[in-house]
Amino acid sequence: MMPPPNVTGSLHIGHALTFTIQDILTRYYRLQGRDVLWQPGMDHAGIATQMVVERQLDAQGISRHDLGREKFIDKVWEWKEQSGGMIFKQLRRLGASADWSRQRFTMDDGLCTAVRKAFVRMYKDGLIYQDKRLVNWDPKLHTSISDLEVVTKERKGHLWHIKYPIEGEKNSYIIVATTRPETMLGDTGVAVHPEDERYKHLIGKNVVLPLTNRLIPIVGDEHADPETGTGAVKITPAHDFNDFEVGKRHNLPMLNIMDENAHLNDTDTVPEKYRGLFRDKARKVIVEDLEALGLLDKITDHVSQVPYGDRSDVVVEPMLMDQWYVDAQTLAKPAIKAIEDGDTKFVPANWEKTYFQWMRNIQPWCISRQLWWGHRIPVWHGPDGTCFCEETDEAVFTAAEKHYGKTVELVQDNDVLDTWFSSGLWSFSTLGWPDKTPELGRYYPTSVLVTGFDIIFFWVARMMMMSMHFMNDENGNGLVPFKDIYIHALVRDEKGQKMSKSKGNVIDPLILCDKYGADSVRFTLAAMAAQGRDIALGESRVEGYRNFATKLWNATRFCELNGCTYDAGFDLNTATHPVNQWVISEFVKMQEAVKNGIEQYKFNEAANALYHFAWGIFCDWYIELTKPILAGNDEALATETKKVTSTILLEMLKCLSPIMPFISDEIARNLLNDNEFSFMTENWFDVRKLSTKIDKYNTAGRAINWLVETVTAIRSMRAEKNLGGKPIPLQIKPSTDEAAAWAREFEPLLRSLARVEEFTIMAGSDEFAPDAIQLVVSDATLGVPLGSVIDVAAEKARLTREMEKTQKEIDSLSGRLANENFVSKAPEHVVNGYKQQLDDLKAAKAKLDEAFETVSKIA
RNA sequence: GAGCGUAUGGCGCAGCGGUAGCGCACUUCCUUGACAUGGAAGGGGUCACAGGUUCAAAUCCUGUUACGCUCACCA
C-alpha cells in the first residue's frame, strides 16, 4: 500500500526515501515471482488544498464566498486536474514502479461511495455521533482541527495575578493567576484545592467577577495545584480544556465569549465595551481596566506552551461547539489487540509502544471540518432537528417522509469530513470496497505498509481501526489491513538537523537525481536506511555511490572488450577453474545477503553486500584474476571464464536492479543486445541449481584466499621497499602439499598480479638466497631475491616486529585455551576455532623464526 | 513529568555475546590496453562513564552523564 501523498505535495527527500524502499520491495518480490500490487494514489488534503485554491482566488480579489460553495468546488477540481499530483511525475523520475493505471484519489467516485457507506454504517452503529464539546478552533481557517494538527510552541508571556473580590466581604480577595486575562469574562468559577489551608474556608462562597459583576462560586477541585501560581485558578469552561472538565464536575455554566474570528462576541456575557475586540486587544484593555480598579495584584514573566494550528500558524482557540465525532475508543480495542497478538507487526518493534500509548489514551475523534473541499457529511437535518443518514439521497428522503408523514424540507449538514477519515479506509476502499471485488479477495490483507513514524497516529492507527471495523473474516472478526508496518527513518541533513524550508537546509531529491542520477540517490537512501536511526544525508555519500555506478559501467566495458557475451545456455555447475568457482560461491553469499536484507527490511545490509561484492570482489579481484586467463592460451578455460564473467555480471545486476533499476536494465540491454530487456519481468537466480557444486566451490575459496594473501604480501613488501612496478623474482617454499599445488596452479596468476618474472617453487630443504627478502604467509614462506645485498639490520628488525606480534597473539590465545572454564563452557566450535588459529599462528611463528635464522647467517 | 532513541577512528555510520568494520577524509606510491568518478600499499579507535552478569561484553543488566525525538503538561 502506498501511503497516499497529499495532492498539493511535491517530492521531498522523505518521499524519496519512503518510495525508494517501497519500490525496492516491489521490484524484489516481482523478481521472486510474486504477484505484487503496489497501489498508488493521493488524498485530497482538505485544508491544504482549499488554502491553495483560496490563495489563488485571493490574488484575483475573489473570496470563496463570492463564488459560493458549488462553484468553488468546481474551481478546486479544476486546480486538481491541472496542478495536482505533480508528485507522481517526480516519482517516475525516481523510478517508482507502482501500478500507475490503478491510481486512486480519496475524492474519486469509488472512494466517495466507500466513505458514504462507512459513515452511514458507523452512524447507525452509534460509532459516529454529534456532540457539543470543546474543539480546537482555528480562527484563521474557520474550522475545527484535530489534536494532532495542533503544535504547541513555547512562548514568553506573563502571568497576571488578579484580585477577585469575595462576595459580601469588604477588602477581601482571592487572587488568581492567569496567562489569558481576557478569558475572565467567561469565568464561571474559581477552583482551589480542597485541602489547601489558605483557601479551604472559602469553598462554597462566591466571588464578584470584576468587570461584569457576575457572581461565581469558589469550588474545591483537585485540578487546582497549590504549588502553581497562587493556588487558586479561574475556571473558563468554554475556552480551556482543563476548565471544561472542572466545569462539568461542578455543573458550572459554560459561557462562550468569542466568535469564529476569536473576537469577543456579541452576547450578554460580554460587557458592551469589549465586544468585537480581538482577543489580544481585549487582553490589553482588560488588564488596563483591572489596573485602574486596583484589582491587578502583579504581573510576572512566564513561559507558556501555546497551541498553534500547524497549517495556519495562528493561536488555536478552544471553543464549545457542535461537531461530529467518531467513538475512537471502541474502534481502538480490536486495533490494539491486533498488534498485541502479532497479527500485524511493527518493524522495528519498538514503535508498537508509541502506537499503544496513543491508542490506549485515545480521545473521541472530531471528524467534522468547516470546509467546503472534502466529503460532505451525509446527514440531513429536518425542520425539528431530526437527523437522517442513509446510503442514498433517495433513502434519506424516504426516511424523512416516513418520519414526518409528509414531504418536508431537509438541509444537508454543512460540514465535510476530516481527510483522514477517507484515508483511513484506504487499505480496502482502493481495492473496490464496498463491492466484493476480486482484488479485495486477492490482496487483502496487504503485506506491508511502509511509512514514517510521524504518521503512525494520523494514518496508520486510523487505518488499523477502520480496516478492522469494516473488513471481517467469516466469523465476523476484524481483519488487519497489513501484516507488517515498516517504519523508516526521518531524513535529516548532513549535520543531523531536521530539514525545513526556514532553515534552508532542504535537499531536493530531484536536484540530486539530476546531479548524480536517480540510481545513486536510491542506493544512498537504501544504504543508509538502517533500522532505528535517522538518516543524516550528506552529498558526498551520494557522490560515492555515483562513482559506484560508474565502476559498474567500466566493469561492463571490460567484459565487452574481452568478448564476455552472455550465454543463456551456460550452466554455472560446469565451472572448473578455482577462480571461477570462487566467484560463483561469493556471488551466492552476496545474493543470500541481499535476499535476507530486503526481506527483513535491512536495506543497508542488502546495499552493502552488493557494493562489497561488485567492487571488492568482482572488480578488484575477479576481473584482475581473469586477465591472465583470458590472455592465456587455454582456449577452453578462457571460454569458460568469459561465460562465468558474463553470467555473474548479469546475475549481480539482477540483484542490484531493485535498488538501481535504471543502470542495471541499461547495462543488461547492452550485454544482451536486447533493447527491450528489463529485469522487471525476470526471475531471481535459484541457488538450488548449484546445490551439488556449492561445497566444492566454497573450497575453491581457500585456494583463492591463499592467492590473495600471497599477492598482497608481495605488493606490501614492494611498497615498503619502494620497488615501484619493476618485475621481481619469486621463490615459494610451501609447507603443505596443498599449498604446493596452489603455487603450481596459480603460477600464471601470481606472475601477472604480483609482477613476477622468475618463478620457482622450492623444496622444504632448500635455503633462500642470502639476498632474499622473506615473507611469511599461510602455508608458505616467500623469498624475493633482490639481486643486491639486503639490509640485514632492517630485515632483522622487521622480522622481530612480526615475531613479537605473533608471539603476543599466541600467548593470549594459549592463555585462553589453558583456562579450564573456557574450554569446558564455551561452545565447541568456538574452542576449535581458537585451536585452529593457534596452530596457524604457531606455524607462522616457526616460519618467521626460520627466516630470522637465515638472515642472521648473512651477518 | 512519561515514553522512546542515540553516544564506536577527523566526519558520517554498520556491528549488538566470541580478540573492532564500512564509506568519506588522510599519508605514500602508480598516466601498463575496464575505470584517475581509478589502482596499490598504509596510518588512525582502551566502542561516553561507573558498576554487575558471563569462561568471554562495544554487544546483556543496573546506574550516571550528554544529546535528540514523541506524548502529556501548571493556570
Side-chain angles (χ1 to χ4, degrees), chain A residues 147-148 152 159-161 176-180 183 191 223-225 227-236 240-243 246 302 304-305 348 350-351 353-354 356-358 361 453-454 456-457 490 492 494-498 516 520 524 527-528 530-541 543-562 602 604-605 608 611-612 615-616 619-620 623-624 627 631 711-712 714-720 722-725 753 755 809 812-813 816-817 819-827 829-831 833-834 837:
Chain A
D147 300 348
L148 295 172
T152 50
L159 206 51
W160 284 269
H161 296 246
V176 299
T178 179
T179 52
R180 302 192 59 197
T183 62
H223 163 67
D225 176 5
E227 303 296 314
T228 307
T230 61
V233 55
K234 63 194 235 12
I235 301 298
T236 323
D240 181 284
F241 287 93
N242 285 313
D243 292 3
V246 177
H302 186 258
S304 51
Q305 307 290 327
N350 325 32
W351 290 109
K353 293 204 176 177
T354 306
F356 285 144
Q357 193 190 337
W358 191 72
N361 298 304
F453 64 84
D454 47 335
I456 291 179
F457 304 145
L490 203 72
R492 297 166 177 281
E494 219 164 348
K495 298 186 186 103
Q497 304 261 321
K498 208 167 179 171
Y516 300 107
S520 309
T524 307
M528 298 187 83
Q531 286 182 12
R533 186 193 261 262
D534 286 344
I535 294 177
L537 185 69
E539 223 176 288
S540 67
R541 194 78 186 255
E543 197 184 337
Y545 291 121
R546 190 268 322 266
N547 295 349
F548 175 63
T550 312
K551 187 78 178 172
L552 292 172
W553 272 113
N554 286 316
T556 311
R557 216 160 71 110
F558 170 84
C559 296
E560 283 172 350
L561 255 39
N562 285 280
K602 294 178 178 174
N604 57 320
E605 290 183 8
N608 288 334
Y611 187 92
H612 175 248
W615 202 319
C619 292
D620 284 351
I623 286 185
E624 293 306 321
K627 281 177 181 171
V711 170
T712 307
I714 297 167
R715 284 174 174 172
S716 189
M717 183 275 297
R718 196 188 271 285
E720 202 178 319
N722 287 318
L723 297 184
L753 288 155
R755 306 218 106 213
E809 284 176 48
S812 131
L813 269 182
R816 187 175 279 227
L817 284 163
N819 183 341
E820 263 309 304
N821 270 327
F822 171 67
V823 179
S824 57
K825 288 185 179 169
H829 73 273
V830 173
V831 178
Y834 281 120
Q837 268 186 52

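Note that the structure is predicted; figures quoted are calculated from it, not measured.
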Counting heavy atoms from C-beta on, name the nucleotide in B:rU19, B:rA75, B:rA34 closest to the side chain of A:Asn554. B:rA34

For B:rC60, which nucleotide in any strand shown is its Watson-Crick or wobble partner with both distances under 3.5 Å? B:rG52

With a 3.5 Å cut-off and just heavy-atom distances, do the side chain of A:Lys353 and the base of B:rC4 make a donor-acceptor pair? no

Considering only the C1' atoms, how many Å lie between B:rG23 and B:rA56, rounded to the nearest integer? 31 Å

Where A:Val233 and A:Ala224 come nearest, the two heavy atoms and their spacing: CG1-CB, 3.9 Å

Of the listed B:rU37, B:rA75, B:rA34, the closest approach to the A:Thr550 side chain comes from B:rU37

What nucleotide among B:rG38, B:rG12, B:rA34 has an atom nearest to a side-chain atom of A:Met528? B:rG12

Return the nucleotide paired to B:rG1: Watson-Crick means purine N1 to pyrimidine N3 with N6-O4 or O6-N4, wobble means G-U with N1-O2 and O6-N3, both under 3.5 Å. B:rC71

Between B:rC22 and B:rG63, how far apart are the P atoms? Round to whole Å, please. 35 Å

So, does the side chain of A:Gln305 form a donor-acceptor pair with the base of B:rA75 at under 3.5 Å? no

Nearest-nucleotide wise, let me know which of A:Ala719 and A:Glu605 is further upstream toward the 5' end of RNA chain B. A:Glu605

A:Thr556 near the nucleic acid: base, sugar-phosphate alone, or nothing, with a heavy-atom cut-off under 4.0 Å? nothing

